[in-house]
4 protein chains.
Amino acid sequence: MSKKNKPTNQKQMSFIEKARRAQIVECAIETIAEVGYTQASLGEIAKRAKISKGVISYHFANKEELLEQVAIEYYMAWHSYIAPRIETQKSPKEMLRVYIESNLTFVDENRQHVFAVIELLSNKITADGKLQFASDHDEAVLLPIENILTLGMQEGIFREFTKPSARVMALTIRNAIDGFTIELMRKPHLDVQEYTRELVTIFDISTKK
Amino acid sequence: MSKKNKPTNQKQMSFIEKARRAQIVECAIETIAEVGYTQASLGEIAKRAKISKGVISYHFANKEELLEQVAIEYYMAWHSYIAPRIETQKSPKEMLRVYIESNLTFVDENRQHVFAVIELLSNKITADGKLQFASDHDEAVLLPIENILTLGMQEGIFREFTKPSARVMALTIRNAIDGFTIELMRKPHLDVQEYTRELVTIFDISTKK
Amino acid sequence: MSKKNKPTNQKQMSFIEKARRAQIVECAIETIAEVGYTQASLGEIAKRAKISKGVISYHFANKEELLEQVAIEYYMAWHSYIAPRIETQKSPKEMLRVYIESNLTFVDENRQHVFAVIELLSNKITADGKLQFASDHDEAVLLPIENILTLGMQEGIFREFTKPSARVMALTIRNAIDGFTIELMRKPHLDVQEYTRELVTIFDISTKK
Amino acid sequence: MSKKNKPTNQKQMSFIEKARRAQIVECAIETIAEVGYTQASLGEIAKRAKISKGVISYHFANKEELLEQVAIEYYMAWHSYIAPRIETQKSPKEMLRVYIESNLTFVDENRQHVFAVIELLSNKITADGKLQFASDHDEAVLLPIENILTLGMQEGIFREFTKPSARVMALTIRNAIDGFTIELMRKPHLDVQEYTRELVTIFDISTKK
DNA sequence: GATGAATGAGCCTTCATTCAT
DNA sequence: TATGAATGAAGGCTCATTCAT
């Protein structure tokens, strides 16, 4: 898809290379979260990282690769935070609760990174080709919820869901989480625990048999 | 805040002035919806409007004012579509149903405009100063839902809501609608009626006493 | 081949548009001739034209279109200078003489433009895609000579030429002219008339029966 | 002229130093011949040589010195190929024939190196200071031809040549050879032997008494 | 009122060169 | 010696904005 071979192969990277990339990704996150996608130029990122603009180009094939890395690292962090917490739950009801709780906690504890990715995704909705990424992202994020819903239904704990209605339910849960994130961007002092409790309640009620 | 006096005062505008502004706003909506916020340069908008780039600058103090107008017109159209439909309902339960239904219908019937505003808001979340607008927007949009919830609670039809929990509920409903919009951008052939029914069900259940 | 539609259609251009383009092309010629292809950046060209860099981008889709225009204008000037002079000759021998003479005179009288195009072609030999142009250029330039040779042979004035040997002869004549141009770049005080006489003699002798 | 002392003095170079320089020069030739002067960055050369970019800077004061070396080695190879072949000829007529033949053979057998130098010279015609090199090159290359012409004239085998007319003749021969090279770059399957025969014929005729 | 023309800042990227290790 | 890392200048290009006509 891109002209150059992306040396995504992490094994080949030296320690210092990895460190620099990590640092730059970190600053990119910071910058995007603070000034927004549109204003987050390589120059701005470099300035905040106190490095020359060229350094970024040296470590990343282009801006896109950098942004992709921001998203990839986010997704990995998210997944490794959420997945184990859900897996240790026994009932689908508990799984759903933990899914909501751990997502909101994750957002709360990784505000900048999450904000940055929100910005990224927002700005890629219509951009050629990269719609793919946003779309992939969404499927990956939706699937676990749908699985929980299906499971709960099979176990007779949740109400009946057809396939489409499970999807709407999943989307609604996901939108509640993402919407919370945006609300948190606007109002950093939001009472996260309260919000979490409320969401758990709402979706506990609305999935109940 | 801006160098020029914004002639927001609509009374002073000649007929032709209003017509031109309307035409430009229309084209801006089209452009943003089709190519996305980032690609929607004044040049691109002008090209689609088959007018010179300068015309836009002539009628709008700057790009921001144009985009603001897109949002304002959206909000007015939205409000005049939604408000009367809700007002004719008697029970809060019906109000809520109609709120959801009419919002989704409005989105479905005004896709371009809604998509454009989604793009706009997405890209303005963090931008300096304009956080205000998005925020105002949200308050205006949230209030009616909160009112419905409060009313339903007072009438003993809805379950108990504290002030914060009413807000979370309202936000969740709003997020469901906005999230639906984004889903519709990605999948234009979505079954809107089915989605609507599901949402109504979800929030009917989750507000029930 | 390029993403944008080139508005090469000259009819659509306003007078001022044409004038500006002409001025910019003129400055591009000057710049390329004086500092060479590699150093002839848009910035340098703009500086010499005493205009902003953006003006060039405003009038030409990209650098390539500008350079192409330099080449096109050169070829048109060359053709309208050479063609009529040859056509008025009766014998192939005279045609050949006039071809050589008028080419060298043209070079002498349009030094900068010719130098610029030499630079252009030199730097496009290997560049992807644009090899085409250089190649087209060459065919267009070689054909008239081959025609003269063929004619002279048919009239029994020139010695026998097979098709390949006519081509080698044509190339040799063309190379002599282009080589003279380069020599003139290095030694501006070259005695052009003497050089012309000598070339005429050489190719008069070497085509004779 | 350059900041660093150029260690042109070959005596001082260690064996390994010489080997590295040779390897780099070799790769530079390859690169320039294949991708052209403009695309032949130090990075590209280093990549093909499978060495780090810094190595080149370590062994050559700057890019210019490297390119110069490419030219120097070319000239040496050329000279040691051509000179002995001419010297063994007795008559000027044969010398001229052999000059042309051996030049074309040399080009044919050293395509990459010759193409590279053509690229180099093309791009250095106007570049500051380096005009010198191209010029020196030319004198060195022209002189042998002029000597042959003078000799042939003195022996009464060639027609009369004044000093300037001998120079034009020499240039024309040289241009024929260089022009052939460029033609060969464009059309690698050119029949070199045929081309050679034709050139020999042309210049045999045009120098004859 | 409207336009085409012009501007200048900013963007991403490439690259020769320098330097610590 | 060799390397990877870093730099900073320059390049082509886009774009919101200004302005004379």
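Chain naming here is simple, since letters A, B, ... match the order of the sequence lines and numbering starts at 1 in each.
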Touch class at under 4.0 angstrom, heavy-atom based, for D/I56 against every strand present: nothing
Could you tell me which non-hydrogen atom of C/S122 sits nearest to which non-hydrogen atom of D/S122, and how far apart they are? CB-CB, 3.5 Å
If you only use heavy atoms from C-beta on, which nucleotide in E/dA2, F/dG12, E/dT17 is closest to the side chain of C/S41? F/dG12
OP1 or OP2 of F/dA5 versus the side-chain N and O atoms of A/S14: is any pair under 4.0 Å? yes
Tell me, with the steps shown, if C/L67 and C/I32 meet side-chain contact (heavy atoms from CB on, under 4.5 Å). CA-CA 10 Å; C/L67 299 184; C/I32 299 168; 3.8 Å; yes
OP1 or OP2 of E/dA2 under 4.0 Å from side-chain N/O of B/H59: yes
Looking at E/dG4, does its base get a donor-acceptor pair with the side chain of B/S52 below 3.5 Å? yes
Using OP1 and OP2 only, check whether a side-chain N or O of C/Y58 sits under 4.0 Å from E/dA5. yes
Single hit among B/E73, B/E26, B/E65, B/E68 for salt bridge (charged side-chain N to carboxylate O under 4.0 Å, His left out) with B/R21: B/E65
By nearest nucleotide on DNA chain E, pick out whichever of A/E44 and C/K50 is the more 5' one. C/K50
Measure the distance from CD1 on B/I24 to P on E/dT3 and round it to the nearest whole Å. 9 Å
Between B/E64 (CD) and F/dC15 (P), how many Å, whole number? 18 Å
Nearest to the D/V55 side chain among E/dT17, F/dA16, F/dT3, which nucleotide is it? F/dT3
Taking the side chain as C-beta and beyond, is there a heavy-atom pair between A/E30 and A/I45 under 4.5 Å? no
What is the distance, to the nearest angstrom, from the CG atom on A/L67 to the P atom on E/dC11? 14 Å
Gap between atoms NZ and C1', on A/K47 and E/dC11 respectively (whole Å): 13 Å
Starting at the 5' end of DNA chain F, which residue's closest nucleotide do you reach first, B/G43 or A/I51? A/I51
When rounded to whole Å, the NZ to C1' distance for the pair D/K53 and E/dT18 reads 11 Å
Without decimals, in angstroms, what is the distance between C/Q39 CD and F/dA9 P? 17 Å
Just to be sure I follow the notation: if a pair is Watson-Crick (purine N1 to pyrimidine N3 plus N6-O4 or O6-N4) or a G-U wobble (N1-O2 and O6-N3), each under 3.5 Å, what dot-bracket string does DNA chain E give, with | for pairs to another strand? .||||||||||||||||||||
Within less than 4.0 Å of OP1 or OP2 of F/dG4, is there a side-chain N or O belonging to A/R20? no
NA contact type, C/S57, heavy-atom cut-off 4.0 Å: base, sugar-phosphate, or nothing? base
Tell me whether C/H113 contacts the main-chain N or O of C/V70 through its side chain, where contact means a donor paired with an acceptor under 3.5 Å. yes
Got D/F60 and D/V25 here, is their nearest side-chain heavy-atom distance under 4.5 Å? yes
To the nearest 0.5 Å, tell me how far D/K63 NZ sits from D/S41 OG. 6.5 Å
Find the distance D/I45:CD1 to E/dT17:P and express it as a whole number of Å. 11 Å
Both D/T38 and A/K63 contact DNA chain E. Which one's nearest nucleotide lies toward the 5' end? A/K63
Can you check the A/I16 CD1 to F/dG4 P distance for me, whole Å? 12 Å
How many angstroms lie between atom OG1 of A/T31 and atom CD of A/Q39, to the nearest 0.5 angstrom? 11.5 Å
